[in-house]
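What follows is a short report on a single structure.
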Protein chains: 2
Amino acid sequence: MKIGQATIKDIARELNLSASTISRALKDYPGISEETKKKVKEVAEKMNYRPNAIALSLRKSRSFTIGVIIPEVVHFFFSTVISGIEEVAFSRGYNVILTQTNEKIEREKSSINTMLSNQIDGFMVSFSKETEDFEHFSKLIEQGYPIVFFDRVPDIPHAINVMVDDYQGAYDATSHLISQGYQKIVHLSGPKNLKISHERARGYTDALKNHGIPVRPEYIVESAVGTPDEGKEITKKLLSSLPDLPDAFFGNNDMAAVGAMLACKEHGLRVPEDVGIVGFSNWQFCSMIDPSLSSVFQPGFAMGAKATEVLLDIIEKKIDVDDFNSPIVLETELMVRNSSKRIFK
Amino acid sequence: MKIGQATIKDIARELNLSASTISRALKDYPGISEETKKKVKEVAEKMNYRPNAIALSLRKSRSFTIGVIIPEVVHFFFSTVISGIEEVAFSRGYNVILTQTNEKIEREKSSINTMLSNQIDGFMVSFSKETEDFEHFSKLIEQGYPIVFFDRVPDIPHAINVMVDDYQGAYDATSHLISQGYQKIVHLSGPKNLKISHERARGYTDALKNHGIPVRPEYIVESAVGTPDEGKEITKKLLSSLPDLPDAFFGNNDMAAVGAMLACKEHGLRVPEDVGIVGFSNWQFCSMIDPSLSSVFQPGFAMGAKATEVLLDIIEKKIDVDDFNSPIVLETELMVRNSSKRIFK
DNA sequence: TTGTAAGCGTTATCAA
DNA sequence: TTGATAACGCTTACAA
């Protein structure tokens with residue numbers, strides 16, 4: 001907002017025309033003489049005119065801005081999603097306002113409020129780990145605000161959800177471990193209130209069942225893990241407490257899996273000979289560690305892009321909110337690397 | 001922007017008061033009766049009134065929004081910086097509009113334009129690798145737009161730059177390698193047009209000189225590396241083409257260093273026994289790979305936070321642009337890990 | 001082909 | 001203690 005930014009009025013004054021004429025000339029409205037158009041555009045150029053998007057927003061009750069609420073920016077998967085959001089928003093002429101909640105529900109709510117104040121056209125949300133009650137979202141939906149959830153999605157009416165096929169990803173990962181001859185597979189599961197955690201746990205359980213392997217409750221360990229250290233600690237405890245030593249770990253995320261790997265190594269177990277390990281997310285470092293970590297690829301960029309497309313389509317009324325009664329599900333892909341490739345025979 | 005959002009006018013109508021009275025009552029202006037204030041606030045609450053930030057922006061010519069232009073979101077260091085920006089902006093009541101340039105100058109310019117249109121209060125910029133001419137920034141500075149550069153900073157008059165002490169970081173890293181007995185140290189340097197690349201190369205060179213080790217031009221290899229694969233290829237070529245085999249690699253970033261490590265391993269060289277390796281940035285994976293990678297820690301979060309504080313102070317006129325004739329420099333810290341700890345004696 | 005006036009939501013100024 | 005009015009920059013009926 002610079003003092004001296006030229007406005008339509010300035011151009012009007014310069015040319016002895018009215019503001020409305022300038023406005024129309026600039027947008028090639030019919031019924032403006034070619035000559036006037038030319039003059040106006042020249043002067044606009046010369047004066048370095050730039051439309052004031054704020055004034056436009058006020059006038060049109062549209063800000064061409066979407067608000068993104070995300071737990072953490074410093075997170076490989078989420079940053080990938082943001083990148084996808086960015087791309088689509090940019091190409092369709094929208095701005096992105098970003099806030100991270102740091103997994104705090106208070107911050108989530110307050111972000112929603114500032115965004116509402118800022119008249120954003122729609123929301124993209126992946127909620128915090130603390131969020132167990134979705135009232136604040138339901139209210140928005142009721143009031144008719146366009147809102148698309150991604151990755152961490154709520155189970156509430158009329159929510160538009162974009163997610164990865166966590167169930168299938170977990171199922172594939174577990175089946176793969178079984179196919180490599182691992183039998184006593186531990187699942188380091190995620191926070192209970194996240195649907196993705198349930199789905200992954202369900203995929204794990206079903207894979208075991210379908211292969212005739214008993215599901216042991218003591219093999220499912222919750223770890224709200226964000227760091228490898230946490231995963232390492234948990235695994236260490238398991239290795240020294242479980243009477244029957246596990247021979248594989250399926251992590252709810254790559255951090256947990258790396259932690260498990262470190263703990264196993266320390267415990268004198270060889271990966272993948274003695275213990276197989278598979279993670280979830282396929283972070284960059286999977287191929288850089290030794291042994292390289294097998295992991296379930298989550299299409300983060302595609303998710304961000306898809307979610308944004310849907311949101312913008314709703315905002316622009318190209319599609320209707322009611323067209324979505326089931327979530328949009330993106331496929332995962334199991335990336336098999338050395339941590340789970342047991343050398344047979 | 002929802003149909004039905006209550007405005008000051010709605011409250012005024014409801015209470016048979018004027019809009020100005022409502023406005024004043026809501027902000028506890030003096031000269032409004034306590035009774036009126038109370039009534040107004042009650043009704044505002046009831047009607048779920050929310051000030052329209054857009055209208056405010058128009059009125060005040062201030063948007064309380066800062067624009068962040070960054071090469072890539074999916075990048076550990078930059079995402080850390082964004083996080084720092086986010087924190088400070090949020091705590092001081094500012095919004096963050098984010099765009100990534102994907103290292104394209106065209107996108108950089110067009111982002112600046114939309115941000116200008118959106119009347120942002122100031123810019124935070126880390127420019128693209130393609131950017132060699134800083135005209136578009138100089139113009140902004142001349143016009144008086146608050147703008148703070150971070151990490152990748154330009155060498156232009158009146159620019160406010162926040163950076164890491166790349167020189168010292170590189171000097172420390174190189175000295176450390178020397179102290180561990182490595183002598184033939186290769187530097188995988190960064191893109192030429194980035195000042196940080198120069199500084200790191202300079203730190204490397206000076207460290208060699210000060211330890212009486214000759215600087216060999218063929219040991220400084222430019223690698224605009226973003227991926228380990230690229231770093232690996234370059235290192236492979238070096239290992240098979242250089243007559244005198246290097247015994248250490250100092251990477252301009254961690255990706256390059258990991259690439260070098262992979263190449264060395266493939267070449268049958270042991271790390272750190274035969275070859276020492278140090279990276280730059282201290283990405284998360286440094287401690288997860290085998291051997292763990294020594295690296296120079298860059299305080300990304302602190303950089304984002306500091307840069308934002310300065311920007312907001314300028315915007316709020318707490319400090320003057322002219323107070324900064326030299327860059328703000330943040331300290332690095334060498335994290336010594338196994339990739340460069342040679343076992344002596 | 002162009003101009004006038006009203007309005008988007010808010011607040012500062014002046015008047016009552 | 002409160003109200004009327006104008007203005008921020010732009011668009012759009014409606015009028016000319």
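Chain letters run A, B, ... following the sequence lines, proteins first and then strands; every chain starts at 1. Predicted, not measured: the structure shown is a model, and the values here were computed from it.
For the 3.5 Å distance criterion, the side chains of A:Ser57 and A:Gln119 fail to qualify, holding no donor opposite an acceptor. There is no side-chain donor-acceptor pair under 3.5 Å between A:Asn102 and B:Glu86.
Taking five base pairs at each end of the helix from C:dT1-D:dA16 to C:dA16-D:dT1, the local helix axes there meet at an angle of 50°, rounded to 10°.
With hydrogens and angles ignored, the 3.5 Å screen pairs a side-chain donor or acceptor of A:Asp133 with a backbone N or O of A:Glu135.
The separation between B:Leu56 atom CG and D:dG9 atom C1' is 15 Å, rounded to whole Å. Atom CD1 of A:Ile22 and atom P of D:dT12 are 16 Å apart (whole Å). In this structure, CG of B:Leu17 is placed 10 Å from C1' of D:dG3, rounded to the nearest angstrom. The distance from atom NZ of B:Lys9 to atom C1' of D:dA6 is 13 Å, rounded to the nearest whole Å. Counting to the nearest Å, the P atom of D:dT11 and the NZ atom of A:Lys60 are 7 Å from each other. Across the protein-nucleic acid pair, B:Asn52 atom CG and C:dC8 atom C1' stand 8 Å apart, rounded to whole Å. Whole-Å rounding puts the A:Leu15 CG to C:dT1 P distance at 17 Å. Following rounding to the nearest Å, A:Leu58 (CG) and D:dC8 (C1') show an atom-to-atom distance of 9 Å.
Every residue two or more places apart in sequence or in another chain that forms a ring-ring contact (aromatic ring centres under 6.0 Å, His included) with B:Phe134 is listed here: B:Phe127. Here B:Lys41 pairs with B:Asp28 under the salt bridge (Lys or Arg N to Asp or Glu O under 4.0 Å) rule; sequence neighbours left out.
Within residues 26-40 of chain A, the residues having any heavy atom closer than 4.0 Å to DNA chain D are, in order of number, A:Lys27, A:Tyr29.
The side-chain tip of B:Arg152 does not point at the ring of B:Phe149 from less than 6.0 angstrom away and within 45° of straight on.
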What protein N or O atoms touch nucleotides 4-6 of chain C N or O atoms at under 3.5 angstrom, if any, and at what distances?
residue	atom	partner	partner atom	Å
C:dT4	O4	A:Ser20	OG	2.9

Item to complete: Just do the salt bridge (Lys or Arg N to Asp or Glu O under 4.0 Å) check on A:Asp313 and A:Arg92 with the steps written out, would you?
Response: CA-CA 10 Å; A:Asp313 282 350; A:Arg92 289 179 62 166; 2.9 Å; yes
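Electrostatic pairing of A:Glu106 and A:Lys104 does not count as a salt bridge here, judged by no charged N lying under 4.0 Å from a carboxylate O. The pair A:Arg107-B:Glu87 counts as a salt bridge, with a side-chain nitrogen and a carboxylate oxygen less than 4.0 angstrom apart.
Ring planes of A:Phe64 and A:Tyr94: tilted class, angle from 30 to 60°.
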Per-pair distances, 0.1 Å, donor-acceptor, side chain in residues 76-84 of chain A, under 3.5 Å, sequence neighbours excluded:
residue	atom	partner	partner atom	Å
A:Ser79	OG	A:His75	O	3.3
A:Ser79	OG	A:Phe76	O	2.9
A:Thr80	OG1	A:Phe76	O	2.6
A:Ser83	OG	B:Gln100	NE2	2.9

